[in-house]
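Lettering of chains follows the sequences in order, A, B, ..., and the numbering in each one begins at 1. Below, all heavy atoms of this structure are taken into account, side chains as well, without hydrogens, waters or symmetry copies. As the structure is a computational prediction, the values presented were derived from the model and not from experiment.
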2 protein chains.
Amino acid sequence: MPKEHALDFERLCREHSLAATHQRRIIFHAVTASPGHYSPEQIYATVRAQIPSISLATVYKNLKTFIEAGILREVSPHHGTLRVDPNLEPHHHLVCRICKSITDIGAKFLDPVRVRRAPPGFNIEQFSVDILGVCSKCARKH
Amino acid sequence: MPKEHALDFERLCREHSLAATHQRRIIFHAVTASPGHYSPEQIYATVRAQIPSISLATVYKNLKTFIEAGILREVSPHHGTLRVDPNLEPHHHLVCRICKSITDIGAKFLDPVRVRRAPPGFNIEQFSVDILGVCSKCARKH
DNA sequence: GTATCTGCAAAAATTTTGCTAGTAT
DNA sequence: ATACTAGCAAAATTTTTGCAGATAC
């Protein structure tokens, strides 16, 4: 339970050499104040209640800035565009952090995912594991 | 190793009550012929080599149709828009197939993911598990 | 004072929709 | 013959960009 989000925010900005602007403070608060996984539009709506003059572009720019700094994460590394997968067998994905490439890996190459304490009320149908890291091609370039 | 994609395709269409059109045959082939996780634009480019007059809208419509039928899958259920996650602790996601809601679940609630046979050349940094299913709210409505 | 950031407007990129003519069953 | 589908153009959504004025350090 964090006590002082405001202090956290000032510190975070200093640590990442970001200017602690009013807009950033409110955006950060909108994202972190209540648990959730919000879209830029949702965050924009929340922030506008406090800064009616803010622009959607500012929200986008700062979310991107926060993500690049590692202060926030993006839920899916592939939100940019639809990607179709013809593989209907149980399998998982190797996802390269650098080039965003996706490679299949058969489910049997992993220990089966097992839930220790079941989430109340949620009806589990299947598991999909993203194995995040750096592919061999990108490793060679760095 | 499938031998006869063409036959597969005709059968698939019959099984799902879809008209086996020329465009669909070429689109399906573009997605399944070589392993990958292609975007609509990439598929459009491939298909145009064989049907120069095809429209991008037709590619989109049919990918969506295939996905709804279960003939193809989408790599990420959240490609539509960016979603930010303020939780930097190790955790995974409960994702509802119906309403697309995302709920955090701490990493300790799952057995740790373990790779049995390591993918050659890929440098693993972290695991992200999507637990797919139906949330309690949506279950109540069905 | 200087570098960075905001807001605006415009553009780019992605996806959907309505309609008419054409095609599969 | 009937129902479904393709192509087109237009619109809707989502995201990025360039720049002038404002703000943080």
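For the pair A/I67 CD1 and D/dT15 P, the interatomic distance rounds to 10 Å; values are reported in whole Å. Across the protein-nucleic acid pair, A/I54 atom CD1 and D/dT23 atom C1' stand 14 Å apart, rounded to whole Å. Remark: P of C/dT6 and CZ of A/R25 are 11 Å apart, rounded to the nearest angstrom. We find that CD of A/E68 is positioned 14 Å from P of C/dT4, with the value rounded to whole Å. Between B/I27 atom CD1 and D/dT5 atom P there is a gap of 12 Å when expressed in whole angstrom units. Put simply, OH on B/Y44 is 16 Å from C1' on C/dT16, counting in whole angstrom units. Going from atom CD of A/Q23 over to atom P of C/dG7 covers 4 Å, rounded to whole Å. As rounded to whole Å, 10 Å separates atom P of C/dT15 from atom CD of B/E74.
For the pair B/E10 and B/R25, the minimum side-chain heavy-atom distance is below 4.5 Å. No side-chain heavy atom of B/H78 sits less than 4.5 Å from a side-chain heavy atom of A/H79. A heavy-atom distance below 4.5 Å is found between the side chains of B/R24 and B/F66. At least one side-chain heavy atom of A/R97 sits under 4.5 Å from a side-chain heavy atom of B/E125. A heavy-atom distance below 4.5 Å is not found between the side chains of A/P35 and B/D104.
Under 4.0 angstrom from either OP1 or OP2 of C/dC5 there lies no side-chain N or O belonging to A/N62. In this structure, B/T58 reaches the D/dG7 phosphate: one of its side-chain N or O atoms is under 4.0 Å from OP1 or OP2. Residue A/Y60 places no side-chain N or O under 4.0 Å from the OP1 or OP2 atom of D/dT16.
When each of D/dT17, C/dG7, D/dT15 is scored by its nearest atom to the side-chain atoms of B/L82, the top-ranked nucleotide is D/dT15.
Ring geometry for B/F28 versus B/F9: interplanar angle of 30 to 60°, hence tilted.
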Using the 3.5 Å cut-off, write out each protein N or O paired with an N or O of nucleotides 22-25 of chain C and the distance between them.
unit_1 : atom_1 : unit_2 : atom_2 : d
C/dT25 : OP1    : B/A20  : N      : 3.2

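Using a 4.0 Å heavy-atom criterion, one finds that B/L56 contacts the bases of the nucleic acid, with or without backbone contacts as well. Counting any heavy atom pair closer than 4.0 Å across all strands shown, A/S53 reaches sugar-phosphate atoms only and no base atom.
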Show me the donor-acceptor pairs, under 3.5 Å and distance only, between side chains in residues 49-59 of chain A and residues at least two apart or in other chains.
unit_1 : atom_1 : unit_2 : atom_2 : d
A/S55  : OG     : A/T58  : N      : 3.2
A/S55  : OG     : A/T58  : OG1    : 3.1

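Of the two residues near DNA chain C, B/K61 and A/S55, the one whose nearest nucleotide lies more 5' is A/S55. If you find the closest nucleotide of DNA chain C to A/T81 and to A/A57, the one lying nearer the 5' end belongs to A/A57.
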